[in-house]
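These notes concern the structure reproduced below.
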Amino acid sequence: MRYKPKHLKEKKKRSKLRILIGVLAGIVVLYLVTAFGEVPGLRYLRNIWIETAMTTADHMWLAEWLFPSRVIEKVMSKQETTEGVMTDPSLPLISFPPTTSKPEQTPNETKPKPTGSEETDAPPDEQPTEETPEPLPQVGDIDEFGNVVIVSDEEQEIYILQISGTGYLGRLIFVRDPSRVVVRHTSYKGSHGEFLLTYLKKHNAIAGINGNGFADENGVGNGGVIHGWSIADGVSWGQRLAQSASAGFTADNILMVGTITDPNKYEIRDMVQWGPVLIANGEQIIYGGNSAGWGVQPRTAIGQTGDGTVILATVDGRQTHSLGITAGTLSDVLFQYGCINASLCDGGSSSIMAYDEELIGLTSSPMKTTGRYLPNAILVLRKEDTVEP
């Protein structure tokens, strides 16, 4: 073994010490610049980190341990609530085309035929015909945005797209008949919520997503105490949160989003409340990937297109396959698919979707096979059961 002089050993130790001090100094400088500086890239990462942590129920410490309260307050003060935004029901944004229709008859077409005649009053090529609904896209089809169809249910007239982008994976359910989209409450209000699959089975629904938030102290809430206001088949539950947005269907099946203070004024039949509003009156309120103070999270949303189609959306998050999505990015997705009104529902570990008695996607809740107990759910009734008994 070769002998190293003592002074060389000391020199090597001092060199390592200088490197260590340099690394620590670099970390401190980087932290100070990130926490208090306004360098665009670092500022964005800082804000996203703080927003994401502070909009969770039990992980706020991830921001509070790293950043001073004044920095957190400054970042969160910019959070958008979209308070005051409201769908204008007088705007002719929605015209529902019937799934099947017959041409109106003229007086000549309605007069009785001569006795014994087998001929009609109009030539064969002018006979009233029933229009065939436009076929649904098929499983495996890839649309113009590069998203793939994973469910095509002709019988129930719905289809599901898998959507993906940088850091996220999610799904959109397209429902052509908005009258079949309803809200239903837990049967155990004040005690506990129910699993999404239970809602589907109990109300004979083909698909569904979560709706309102709920009291969730330490992340162990059981869905029995609803946050915000909800209406299910005309029955109201909870109290309106002033800064939260509502999303509710009128008796004419128009989805209204925003600050709904008097549901009776608009004949709201079913409604959830959370927010913020993403799109209203055909214009994006939050857009361009903007986090709007809500960070990157698992998300649930509901929207409606110009022809009345309802889109239900969920995006996985807090997992390796999908970190989550910003409010602005989800708004961009819904807008490109034609939504003229859209709003967020509760997200995070409550975000969940189901179709035909099975969960679709991976909830971030530890309860992977069931999801969390929910105070209510937005459901798509099966076609043969569109009227609740």
Side-chain angles (χ1 to χ4, degrees), residues 40 43-56 74-88 91 93 145 147 163-172 209-213 227-228 241-248 255-260 271-306 310-318 322-348 350-351 378:
R43 178 181 60 196
Y44 174 79
L45 293 175
R46 176 198 66 196
N47 291 357
I48 283 290
W49 181 277
I50 291 174
E51 292 167 4
T52 301
M54 296 304 292
T55 51
T56 64
K74 180 181 177 181
V75 171
M76 297 308 295
S77 68
K78 299 177 182 178
Q79 187 180 68
E80 295 186 36
T81 64
T82 62
E83 186 177 4
V85 173
M86 182 64 185
T87 298
D88 184 349
L91 294 178
L93 291 174
F145 305 112
N147 296 316
I163 59 172
S164 60
T166 303
Y168 73 84
L169 181 71
R171 292 141 300 279
L172 305 177
I209 57 175
N210 60 295
N212 277 58
H227 272 182
L241 298 176
Q243 293 187 327
S244 293
S246 298
L255 177 67
M256 298 188 65
V257 298
T259 307
I260 301 176
M271 185 180 78
V272 297
Q273 187 182 42
W274 199 253
V277 173
L278 302 177
I279 306 166
N281 304 314
E283 295 185 6
Q284 286 184 269
I285 307 302
I286 300 172
Y287 56 89
N290 179 18
S291 64
W294 295 91
V296 175
Q297 300 285 6
R299 301 274 186 216
T300 299
I302 181 171
Q304 189 174 44
T305 69
V310 175
I311 300 180
L312 306 178
T314 60
V315 175
D316 298 344
R318 303 177 187 171
S322 180
L323 298 177
I325 195 170
T326 65
T329 300
L330 185 51
S331 176
D332 290 347
V333 171
L334 293 174
F335 191 70
Q336 75 180 4
Y337 280 104
C339 280
I340 56 175
N341 290 305
S343 183
L344 290 180
C345 303
D346 187 22
S350 299
S351 189
I378 302 172

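Predicted model, so just to flag it, every value in this text is computed and none were measured.
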Closest non-hydrogen atom pair, [X] against [Y]:
X: P276; Y: W294; answer: CG-NE1, 3.6 Å
X: T82; Y: I285; answer: CG2-CG2, 3.7 Å
X: G289; Y: T329; answer: CA-OG1, 3.3 Å
X: A301; Y: L334; answer: CB-CD1, 4.0 Å
X: S291; Y: T326; answer: CA-CB, 3.9 Å
X: A342; Y: V277; answer: O-CG1, 3.6 Å

Contacts of type salt bridge (charged side-chain N to carboxylate O under 4.0 Å, His left out), residue R46, not counting sequence neighbours: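 In terms of salt bridge (charged side-chain N to carboxylate O under 4.0 Å, His left out), with neighbours along the sequence ignored, R46 is linked to E38.
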For F335, ring pair (Phe, Tyr, Trp, His ring centres under 6.0 Å) partners two or more places apart: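 For F335 there are no ring pair (Phe, Tyr, Trp, His ring centres under 6.0 Å) partners, ignoring immediate neighbours.
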F145: ring pair (Phe, Tyr, Trp, His ring centres under 6.0 Å) partners, not counting sequence neighbours: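 For F145 the ring pair (Phe, Tyr, Trp, His ring centres under 6.0 Å) partners, ignoring immediate neighbours, are Y337.
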Side chain to side chain contact (heavy atoms under 4.5 Å, CB included) between L172 and V333, intermediate numbers included: CA-CA 10 Å; L172 305 177; V333 171; 4.1 Å; yes
E283, CD: over 12 other non-hydrogen atoms inside 6.0 angstrom: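 Counting neighbours around CD of E283, 12 or fewer heavy atoms of other residues, nucleotides or ligands fall under 6.0 Å, so no.
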With sequence neighbours excluded, residues passing side-chain hydrogen bond (donor to acceptor under 3.5 Å, both in side chains) with N47: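 Not a single residue meets the side-chain hydrogen bond (donor to acceptor under 3.5 Å, both in side chains) criterion with N47.
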Set of residues satisfying side-chain hydrogen bond (donor to acceptor under 3.5 Å, both in side chains) with respect to T55, sequence neighbours excluded: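 T55 satisfies side-chain hydrogen bond (donor to acceptor under 3.5 Å, both in side chains) with Q297 only.
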Short side-chain donor-acceptor distance under 3.5 Å, N210 and S350: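 No - no donor-acceptor pair under 3.5 Å links their side chains.
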Donor-acceptor pair between S331 and Q284 side chains, under 3.5 angstrom: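 Per modelled atom types, S331 and Q284 side chains form a pair under 3.5 Å.
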State which residues pass side-chain contact (heavy atoms from CB on, under 4.5 Å) with [X]; sequence neighbours excluded, sorted by chain then number.
X: S322; answer: Y168, L169, V315, D316
X: P298; answer: R318, S351, S364
X: M86; answer: M256, I260, Y266
X: T81; answer: E83, Q243

